Amino acid sequence: MKYSPRALGPELLKAARAFPALILTGPRRAGKTTLLRKLFPHASYVLLEDPDAIARFRADPRQFIAELETPVILAEVQNVPEIFGYIRARIDARSSRKGQWFLTGSQEAPLMRGVTESMAGRAAIFNLLPLSLQESDKVTLLRGGFPEALGRPATAAVWFRSYVQTYLERDVRSVASIRDLATFRRFLAVLATRCGQVINRADLAASIGLSAPTVAHWLGVLELTGQILLVPPFFENLGKRLIKSPKLHFVDAGLACHLLGIETATQLDRSPFLGALFEGFVASEILKAQIAKGRARSLYYFRDQQGLEVDFVVPLAESRLALVEAKASRSVRPDAAAPLLRLPRAMERYEPVGFVVHRPTAADPASRALVPGVSALALRMLPSAMGL
């Protein structure tokens, strides 16, 4: 697959002119190292999953750091978290030099501990998710956005199977010391059947034969390694009895389809999970657009105990609020806007704007007015419509 420029690139280049170090986190194989090597082609490169590199660092860390030619890209630094202290010392000795250290990792929590302890004020931190619709027209609901899966669609099923195995053996085992990987794999597959649902940890635990604390811990592992999104509810000053548990989505729709055994477009169209998968696809695209602009993640859902539900609530600038409904159908009717018209009555502090997002067809316009105050549009158009 031809390299697709990443929307985050300009933000990384800007930060490299202001900070000695950049730290880029995100799911395994999302394209972190490829992006850095494209942006900084003259940087040297060391993969810290290589047993020889790890052994050399552990044998003599000061010598290892001294021999590095900067600028340097150090990939998967979570494998040697103690390296941050040595990098800090090197940065402090050459404080005027910017853009010298480019670090990547697929486990956000261990990285952030190292940054907090050693790199505060010295590093700019970014997150990279798989490719978005804005970045590549090859991204689909069926295949998701992982570059390698898109580059070889004929063997995508094999790639996803290998990805899951690698993820379990490296990220899961090292983050949580989980020995029963077979049960964790089953847990991952069961989660795929809960896409788009509000998470009930006790119910989920009972269905798998685990304790609720174990389920909570494993959900945390999947979230910090960039595999799932736990979207919190929006309940600011609405004066209602609201649902307060998070909603579950997968970061990559292609991985979710793989876990559900969906391999073809026909199977996807007939799947009972189509609506939930598309909803997760929308969630991921919104977050990718926010991250690419250097903004904080800001995505919620709304549901009250009277049955009113809106798929996504997205705070925008100047007290504006985007209300988004995700519809997997190829076209939508005006009644799809009903929840978006009911909810604003309780939001006096905000200026809501409504969007019903659907899968496009060649014959449909990319965007059209559905009812006053609500637009129907193809998912590709949503980020720009929201000003992202």
Side-chain angles (χ1 to χ4, degrees), residues 2-27 29-48 53 57 64-78 80-81 83-132 134-136 145 147 226 287-298 316-317 383-384 386-388:
K2 182 181 178 182
Y3 175 74
S4 297
R6 306 303 300 264
L8 187 60
E11 292 292 324
L12 294 176
L13 290 170
K14 186 191 305 181
R17 294 190 290 268
F19 290 85
L22 299 185
I23 298 174
L24 188 58
T25 68
R29 312 308 298 173
K32 302 182 294 295
T33 299
T34 300
L35 172 57
L36 291 177
R37 297 188 82 170
K38 288 288 184 180
L39 292 177
F40 309 104
H42 301 298
S44 57
Y45 171 69
V46 178
L47 174 61
L48 290 172
F57 171 78
F64 180 90
I65 294 294
E67 290 176 354
L68 291 175
E69 296 182 13
T70 57
V72 61
I73 298 167
L74 299 176
E76 303 297 345
V77 294
Q78 77 276 352
V80 285
I83 199 171
F84 286 112
Y86 297 97
I87 294 175
R88 179 191 62 190
R90 180 89 172 261
I91 288 173
D92 290 348
R94 306 179 182 186
S95 58
S96 63
R97 301 186 66 182
K98 310 302 181 187
Q100 297 298 298
W101 301 88
F102 305 105
L103 317 178
T104 80
S106 52
Q107 301 166 14
E108 193 163 350
L111 284 178
M112 291 306 100
R113 284 197 296 271
V115 171
T116 301
E117 294 167 2
S118 301
M119 302 290 285
R122 302 168 178 86
I125 303 164
F126 295 89
N127 184 248
L128 186 72
L129 298 181
L131 287 160
S132 70
Q134 303 297 307
E135 294 169 321
S136 173
L287 285 181
K288 289 172 184 177
Q290 290 175 333
I291 290 168
K293 296 294 185 180
R295 299 184 184 182
R297 297 186 180 199
S298 186
L316 305 176
S384 59
M386 292 194 301
L388 295 175

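Everything numeric in this text was worked out from a predicted model, so none of it was measured. Sequential numbering from 1 along the given sequence is applied to the chain's residues.
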* Go through the side-chain N and O atoms of Glu76 and Ser106 and say whether any donor and acceptor fall under 3.5 Å apart. => yes
* Asked: Does the side chain of Val46 reach to within under 4.5 Å of the side chain of Ile73, using non-hydrogen atoms?
  -> no
* To do: Write out all pairs satisfying salt bridge (charged side-chain N to carboxylate O under 4.0 Å, His left out) with one or both partners inside residues 90-102, taking only residues at least two apart or from two chains.
  => Asp92-Arg122
* Enter the distance from Leu22:CG to Phe126:CZ here, rounded to the nearest 0.5 Å. => 6.5 Å
* **All ring-ring contact (aromatic ring centres under 6.0 Å, His included) counterparts of Phe40, not counting sequence neighbours** => Phe102
Could you pull out all donor-acceptor pairs under 3.5 Å where a side-chain atom in residues 5-17 meets a protein atom, sequence neighbours excluded?
residue: Arg6; atom: NE; partner: Glu135; partner atom: OE1; Å: 3.2
residue: Arg6; atom: NE; partner: Glu135; partner atom: OE2; Å: 3.2
residue: Arg6; atom: NH1; partner: Ala30; partner atom: O; Å: 3.0
residue: Arg6; atom: NH2; partner: Leu129; partner atom: O; Å: 2.6
residue: Arg6; atom: NH2; partner: Pro130; partner atom: O; Å: 3.4
residue: Arg6; atom: NH2; partner: Glu135; partner atom: OE1; Å: 3.3

* Asked: Does some side-chain heavy atom of Phe57 sit less than 4.5 Å from a side-chain heavy atom of Tyr86?
  -> yes
* Residues Tyr3, Leu35; criterion side chain to side chain contact (heavy atoms under 4.5 Å, CB included); working and verdict -> CA-CA 9 Å; Tyr3 175 74; Leu35 172 57; 3.5 Å; yes
* **Nearest non-hydrogen partners of Asn127 and Arg297, listed with the distance** => OD1-NH2, 2.8 Å
* Closest approach of Ser136 and Ser4, non-hydrogen atoms and distance? -> CB-OG, 3.8 Å
* Rounded distance [0.5 Å steps], CZ in Arg37 versus OG1 in Thr104 -> 11.0 Å
* Could you check if a side-chain atom of Thr70 sits within less than 4.5 angstrom of a side-chain atom of Trp101, using non-hydrogen atoms only? => yes
* Would you check if Leu36 and Leu24 make a side-chain contact, meaning some heavy-atom pair closer than 4.5 Å? => yes
* Structure fact -> Tightest non-hydrogen contact, residues Phe19 and Ala123, listed as CD2-C, 3.8 Å
* Given side chains that start at C-beta, do those of Ile87 and Leu74 come closer than 4.5 Å, heavy atoms only? -> yes
* Asked: Roughly how far apart are Ile83 CD1 and Leu68 CG, rounded to 0.5 Å?
  -> 7.0 Å
* Separation of Leu287 CG from Ser132 OG (nearest 0.5 Å) -> 11.5 Å
* Asked: Is there side-chain contact between Pro20 and Gln100, with at least one heavy-atom pair below 4.5 Å?
  -> no
* Asked: Can you tell me if Gln290 uses its side chain to pair, donor with acceptor, with the backbone of Ser298 under 3.5 Å?
  -> yes
* To do: Look up atom CD1 in Ile91 and atom CE in Met119, then write down how far apart they are to the nearest 0.5 Å.
  => 4.0 Å
